[in-house]
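One structure is given below, encoded as structure tokens.
None of these values were measured; they are calculated from a predicted model. Just so it is clear, the values below take in all heavy atoms, side chains as well, and ignore hydrogens, waters and symmetry mates. Throughout, a chain's letter reflects where its sequence line sits, starting with A, and its residues are numbered from 1.
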Amino acid sequence: MQMDKTYAPENFEKSIYEKWEKEGLFKPSGDTSKPAFSIALPPPNVTGSLHMGHAFQQTIMDTLIRYHRMKGDNTLWQCGTDHAGIATQMVVERKLAKEENLTRHDLGREKFIERVWKWKEESGGNITRQMRRLGDSVDWSRERFTMDEGMSRAVLEVFVRLFDEDLIYRGKRLVNWDPKLRTAISDLEVENKDVKGYLWYIKYHFADGVKTSDGKDYLLVATTRPETLLGDTAIAVNPADERFKSVIGKYVILPLVGRRIPVVADMHADMTTGTGCVKITPAHDFNDYAVGKRCKLPMVNILTEDAKIRDEAEVFNTNGEPSDEVSKEIPKAYRGLDRFVARDKMLEDLKAQGLLDHIEDHNLSQPFGDRGGVPIEPMLTDQWYVRASVLGKPAVEAVKDGRIKFVPAQYANMYFSWMNDLQDWCISRQLWWGHRIPAWYDENGKVYVARSEEEVRSKYSLGTEVKLTRDPDVLDTWFSSALWTFSTLGWPDKTPELEAFHPTSVLVTGFDIIFFWVARMIMMTMHFMKDKDGNPHVPFRTVYVTGLIRDEEGKKMSKSKGNVLDPLDMIDGIDIDTLVQKRTANMMQPQLAEKISKRTQKQFPDGITAHGTDALRFTLCAFASNGRDINWDMKRLEGYRNFCNKIWNASRFALMNVGQMKLQKPQDSALSLADRFIRSKMHAAIKNMTAAIEAYRFDQVANILYEFIWNEYCDWYLEFTKAIFKDDKLSDDQKNATAYTLVEVLETTMRLAHPVMPFLTETIWQQTAVMLGRMNQTGTIMTAPYPVQSDFAEDSTAEADVEFIKDFATTVRNLRAEMKVAPNVTLNPMLRGANGDEQRCATEHFRYLKDLANISEIKFVDSGDNLPPCTAKPLRKAEVLIEMKDLVNKDEEIKRLEGMLAKIEANIKSGEARLKNDAFISKAPQNIIDGAKAQLEVNRSQLEKVKAQIEEMKKL
RNA sequence: GGAUGCUUAGCUCAGUUUGGUUAGAGCAUCUGCCUUACAAGCAGAGGGUCAUAAGUUCGAGUCUUAUAGCAUCCACCA
């Protein structure tokens, strides 16, 4: 068996994955007598590519999946991609504009959708390629896409049923309108940004010669959005405001327009803010809309879909029906102007007419569309809504009573705070790419909802003479993703997969989509999925919430910052030129390219070297603590790549030493101290590992593996075995016992680590399993049993003995380093004042100490013995001495000892103080008191020794 | 305005639920080693008033309160 000298993951990772996939190992076992474990992958955008956040979450999912698969559970990882309505449509539109100088309208709806499908086919493989490279053991045979036939059927079914149950309705309401994308968006897609703006104070003169109580013939109104003045239908004052009581019910003249609008009383007007008078524009402001409803005001829409001033306003009564209550006329000067151009023009005109009283600076937070990036506009439009408040109640209950658990738990609060004030969910989008709404209108505008036009006609008894037109809108992307856990398993059909795998076990996702996705999934699933007793199914029992992965400086990774790291580049490496090119290609703001290029060159002068999938996955696990954001650190990745190399070389050692031997399962009696020690540590590692995975503490998972493999197995156990293998006095049985343990612990460790590091462990396991006769039928670690702690005996005696050996070796090494004795000089240390057990241990296990400390013998001496000049270091209550001869600088030695003395004295002082304290003695638990006493005793005995040593030095 | 989280070594972070001797890890730094598994390594070393203040307690990194700074979410903004 030949292994390369250095860990080279690129040599085996890809081929191993291909083999796994080809052999169908990612599919569920189908054994329904075993517990089921399932995860639905949050579907990434089909045309996108994976970023670090995906890699992070998928590593955690794959770790859980592989763990449960090895445990024998019937395990399914359901994967798929999302059509990502707006995002995908935008990408294709941009491409179209750039390459062919066309808009989607030039192509028409059908042709455009064809183009999107084509783009999906071209780029859709990107994500799945990346997932394969990450080692994700998803069941590819069940891969789904939110717009494929099955998913679309589920969407249709859900929409129609909700409509029939009056949980979906259509209505004219004020929505967040994105003028760039020309579609409605939901509240969640609005991002508020702080911007510097102004408050413009505008005079609205009274009609009919009215005056305020203090004699003014106008009301002064402050506004941040003067252009909406064209749609004003009232001025509101607070009913309790003495300043304006007398003018309530009177009229003012709308500046620039000349329309009469009433002064109304409404609580919305805050006496202490602004001038106390608020202009009311029900069609363009959410608060004003509410005021309009209360005061029965008409609504005047002045904007087009792309936020230009209309040629003629749309006027509705307070119920949203078309109306002639007020004039539709818009002053000629502003017609067709962009909203912000119109603003400037109007301010100019107001100023010219003396109606602009004054201007103040004002910081406001302005709503922007999260995709389009332009300020959104509240607009009065017809949209479809889900009655989220109704669906939300059981969804809140499920988290409250623990049917769904959030990890970390504090995210449940975030969930509650949003759910408790749930607004109806606007689900219609004026896009082309998505699930088209299954609603048809007759010529009178009456709406019919069914699964198809055919079904509409039969359901509502409409003859062929009735002309039906389908609603042009599509559904919010999140509508279909909300059905993900059950629609992917075949709903609305009753499939065996639904039966076996729903509810899913755990959802792993970022906190940023708790509202977008998690909450809506809970609502939809609980409404549609019921068990045989009619109790709602939750979509998943646990939500594991991850933090964001940020760059080294804690900044969010984004294309425009040019700090994005592609997980695949860390796996396979990338040269600097390609990296720069990648970071600066297709920029929305090309002017940033140069800066990004410079920064990238500085940060990665030689590009990024390959680290392999396992190292990346291990790093991601090590970072996964407590759902906090993570600042990415290349050094960590390097460190864990080195760890992979360490494992690699440990197995090389094992193979080189026992490769030729025929291994037999040893009798317990043949096990050496070293064997018993590492087996006991193995026991603990398995125990802790299992607990950590079950608790979703992947950072602990990583640390347990690291600590066990590097600090116990490699640093100590491997060194012990060297002594055993070369000891001629030991029998073949004894050597076999060590060889067997060496390989068995390695083999077990590979299984233990496999969920995190699938490739490296597979490679090494293949070899070790054969040696132990443990190769399973499928010939892969993937289906080997996960280790159980009972396979390895706990042995506290062995651990204690090894602890002493470690301490002894460390003490000698310490002395050696401090005295500057070269490592290749063999020493003859003395052990003074050791108790019987320590003497036994040192004698019995001298073979280990000999090599570890490079010594030829240990002489036991007593404090009364007359010794040559020595240097010494305390070891527990005893001390290790080394004859000084010519190897020491006396003054330095005294200095070292005095330093030690000071430390010990301080410890004694604080220990004594504690034990003198009556309160401590009477109140602290006995074991703490005993511990303190024992420690004090050790310190005192060490103090004596060090003092004596100093005296001795001084005599020289 | 409401809420949450964070502040521990030069850097990145564990440890706080359940208080207990001298607070840990990786990286970085320093010293010595190419010792036949591994220089992507080995053996050692230095480095922390646990953000600040007060309190509870025999005892506080850990519990309470206040303050400061950072971050995030929600709401509002005439």
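- For A:I630 and B:G5, the CD1 to C1' distance is 15 Å, given to the nearest whole Å.
- Here the side chain of A:A817 is nearest to one of B:G44, B:G20, B:C13, namely B:G44.
- Of the candidate nucleotides B:C13, B:G20, B:A40, B:G20 has the atom lying nearest to any side-chain atom of A:I928.
- By the salt bridge (charged side-chain N to carboxylate O under 4.0 Å, His left out) test, A:D357 pairs with A:K203, sequence neighbours left out.
- At the heavy-atom level, A:S922 lies nowhere under 4.0 Å from the strands shown.
- The residue A:R641 sits close to a base: some heavy atom pair falls under 4.0 Å.
- Pair assignment for B:A37 gives none, since no Watson-Crick or G-U wobble pairing has each distance under 3.5 Å.
- Residue A:H362 is classed as a sugar-phosphate contact, given heavy-atom separations below 4.0 Å to backbone atoms only.
- Here the side chain of A:R813 is nearest to one of B:A43, B:C73, B:G5, namely B:A43.
- Nearest to the side chain of A:R550, among B:G20, B:A71, B:A14, sits B:A71.
- Spacing between atom CD1 of A:I513 and atom P of B:U72 amounts to 19 Å, rounded to whole angstrom units.
- At a threshold of 4.0 angstrom between heavy atoms, the contacts of A:N413 with the nucleic acid are absent.
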**Message:** Applying side chain to side chain contact (heavy atoms under 4.5 Å, CB included) to A:L565 and A:F604, what does each step give before you reach the verdict?
**Reply:** CA-CA 12 Å; A:L565 284 168; A:F604 303 103; 4.0 Å; yes

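- Of the nucleotides present, B:G5 is the one that pairs with B:C70 by Watson-Crick or G-U wobble criteria, both distances under 3.5 Å.
- As a whole-Å value, the separation of A:L548 CG from B:U72 C1' is 10 Å.
- Here the straight-line distance linking atom CG of A:L548 with atom CZ of A:F56 works out to 10.0 Å at 0.5 Å rounding.
- Salt-bridge formation is detected for the pair A:E227/A:R225: a Lys NZ or Arg NE/NH1/NH2 atom is positioned less than 4.0 Å from an Asp or Glu carboxylate oxygen.
- On the C1' atoms, B:A71 is 46 Å away from B:C33, given to the nearest whole Å.
- Searching all strands for a Watson-Crick or G-U wobble partner of B:A43 with both distances below 3.5 Å returns B:U31.
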**Request:** Check the pair A:D241 / A:R243 against salt bridge (Lys or Arg N to Asp or Glu O under 4.0 Å), numbers first and verdict last.
**Result:** CA-CA 5 Å; A:D241 196 333; A:R243 295 172 295 178; 2.8 Å; yes

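- Taking the centre of each ring, A:Y201 and A:H358 come in below the 6.0 Å mark.
- Ion pairing between A:E719 and A:K806 fails under the 4.0 Å rule for side-chain N and carboxylate O.
- Atom C1' of B:G20 sits at a distance of 14 Å from the matching atom of B:C63, rounded to the whole Å.
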**Request:** Mark up nucleotides 21-37 of chain B, 5' to 3', with B wherever a protein heavy atom is under 4.0 angstrom from a base atom, S wherever such an atom reaches only the sugar-phosphate, and - elsewhere.
**Result:** BB---SS---------B

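- For A:R550 and A:W632, the positive end is not near the middle of the six-membered ring at less than 6.0 Å and at most 45° from its axis.
- One interatomic measurement links the two molecules: CZ of A:F511 to C1' of B:C6, which rounds to 13 Å at whole-angstrom precision.
- Residue contacts for A:S417: at a heavy-atom cut-off of 4.0 Å it reaches no nucleic acid atom on any strand shown.
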